[in-house]
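Notes for the one structure printed next.
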Amino acid sequence: MTQAARSAPFQKRGMTVNIAYLLTPKHRVAFLYDDNTIRQGLEKLRHHGRSAVPVINRKGQYVGTVSEGDFLWRLLPDEGTPCPCSVKELERLHVRDILRENPSVRITASLDELLDSIVRQNFVPVVDDLNSFIGIVTRQDIIRSLAAEKDAAPPLRKIV
């Protein structure tokens, strides 16, 4: 995709943004199912080298985000809750048990909605009208697009 095409969503600030220009599609995103075990989730995070991933249900709907910290806090003993440290115990717990709600945006979101979400997280999950997960927009993609737009803007001329 050309730089001009990637910067197109930012040309009309405050208007509807075509997030598709910035979207990393679902098939290129590491994600977990909410019924995966804690062990499966940790293995997938390690395999893909990610610190956080979106979580979907088996219908493909976005249900939240899980991070390394969420796994860590679940593994530490809580008041009255023993530490599930054996592999067998990790097989009984599921990702849905440690799930954290992270706001998603619709594919038709405005630039303001997208920017509001991206300041609080490294990526924003994108869903369609049925809340089906279709991909993510990363903070890095937004910054690159803004930088490309700035570089593509005609230089200011001095008015005499």
Side-chain angles (χ1 to χ4, degrees), residues 1-76 78 84 90-150 152:
M1 184 178 301
T2 66
Q3 282 188 352
R6 287 191 72 78
S7 67
F10 296 104
Q11 291 175 354
K12 294 183 180 178
R13 294 192 186 278
M15 305 298 281
T16 300
V17 177
N18 188 349
I19 293 178
Y21 287 110
L22 301 170
L23 187 74
T24 301
K26 178 182 175 180
H27 72 274
R28 293 186 44 216
V29 175
F31 62 87
L32 295 173
Y33 288 107
D34 64 345
D35 62 353
N36 286 144
T37 65
I38 298 289
R39 184 189 58 78
Q40 289 170 324
L42 285 168
E43 287 175 356
K44 192 158 190 175
L45 279 179
R46 183 172 60 182
H47 174 75
H48 290 283
R50 301 286 180 232
S51 59
V53 293
V55 179
I56 63 174
N57 62 23
R58 292 293 173 170
K59 293 178 182 177
Q61 296 174 317
Y62 174 73
V63 293
T65 298
V66 69
S67 70
E68 292 172 331
D70 298 324
F71 286 102
L72 175 65
W73 289 115
R74 183 58 182 104
L75 295 175
L76 292 175
D78 200 9
L90 293 179
E91 286 292 331
R92 287 191 297 247
L93 294 173
H94 295 91
V95 170
R96 74 172 69 90
D97 300 327
I98 62 168
L99 197 57
R100 182 170 39 101
E101 285 190 35
N102 255 12
S104 60
V105 297
R106 298 223 181 275
I107 190 73
T108 56
S110 71
L111 175 60
D112 292 337
E113 290 174 280
L114 183 61
L115 292 177
D116 186 49
S117 292
I118 203 68
V119 298
R120 289 181 262 118
Q121 51 200 25
N122 290 330
F123 66 87
V124 176
V126 180
V127 297
D128 64 12
D129 290 337
L130 300 173
N131 201 39
S132 293
F133 176 70
I134 57 176
I136 63 172
V137 173
T138 66
R139 186 181 295 159
Q140 188 176 38
D141 289 336
I142 292 174
I143 292 170
R144 282 186 182 146
S145 290
L146 289 171
E149 179 181 303
K150 181 180 174 236

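Note that this is a predicted model, so its numbers are computed, not measured.
The side-chain hydrogen bond (donor to acceptor under 3.5 Å, both in side chains) analysis of residues 126-138, with sequence neighbours excluded, yields the pairs Thr138-Asp141. Pairs of residues two or more places apart, or lying in two chains, that qualify as ring pair (Phe, Tyr, Trp, His ring centres under 6.0 Å) and include a residue from residues 31-60 are Phe31-Tyr33.
Closest non-hydrogen pair, Val105 versus Ser117, comes out as CG1-OG, 3.7 Å. Closest non-hydrogen pair, Ile56 versus Phe133, comes out as CG2-CB, 3.5 Å. The two residues Val95 and Val55 have their closest heavy-atom pair at CG1-CG2, 3.8 Å. Nearest heavy-atom pair across Arg106 and Val126 is C-CG1, 4.2 Å. Annotation for Val29 and Pro54: closest pair CG1-CG, 4.0 Å, computed over non-hydrogen atoms. Summarising the geometry of Arg120 relative to Arg139, their closest heavy-atom pair is C-NH2, 4.2 Å, with the distance given to 0.1 Å.
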Exercise for the section: For side-chain contact (heavy atoms from CB on, under 4.5 Å), just list the numbers for Arg58 and Asp35, CA-CA rounded to whole Å, side-chain angles, deciding distance to a tenth of an Å, and then say yes or no. Expected result: CA-CA 8 Å; Arg58 292 293 173 170; Asp35 62 353; 3.1 Å; yes
Exercise for the section: Carefully, step by step, assess Arg100 and Thr65 under the rule side-chain contact (heavy atoms from CB on, under 4.5 Å). Expected result: CA-CA 6 Å; Arg100 182 170 39 101; Thr65 298; 4.3 Å; yes
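Taking CD1 of Ile136 as the reference point, atom CD of Gln121 lies at 10.0 Å (rounded to 0.5 Å). Taking OG from Ser51 and CG from Asp70, the interatomic distance works out to 10.5 Å, rounded to the nearest 0.5 Å. For the atom pair CD1 of Ile19 and CG of Leu111, the computed distance is 9.0 Å after rounding to the nearest 0.5 Å. For the atom pair Lys59 NZ and Asp34 CG, the distance stands at 11.0 Å (nearest 0.5 Å). Taking CZ of Arg50 as the start and CZ of Phe123 as the end, the distance is 9.5 Å to the nearest 0.5 Å. Interatomic distance, Thr24 OG1 to Ile134 CD1, rounded to the nearest 0.5 Å: 11.5 Å.
Not counting sequence neighbours, Tyr62 has no partner by the ring-ring contact (aromatic ring centres under 6.0 Å, His included) test.
Contact annotation: the side chain of Val63 never approaches that of Arg96 to less than 4.5 Å [non-hydrogen atoms, C-beta and beyond].
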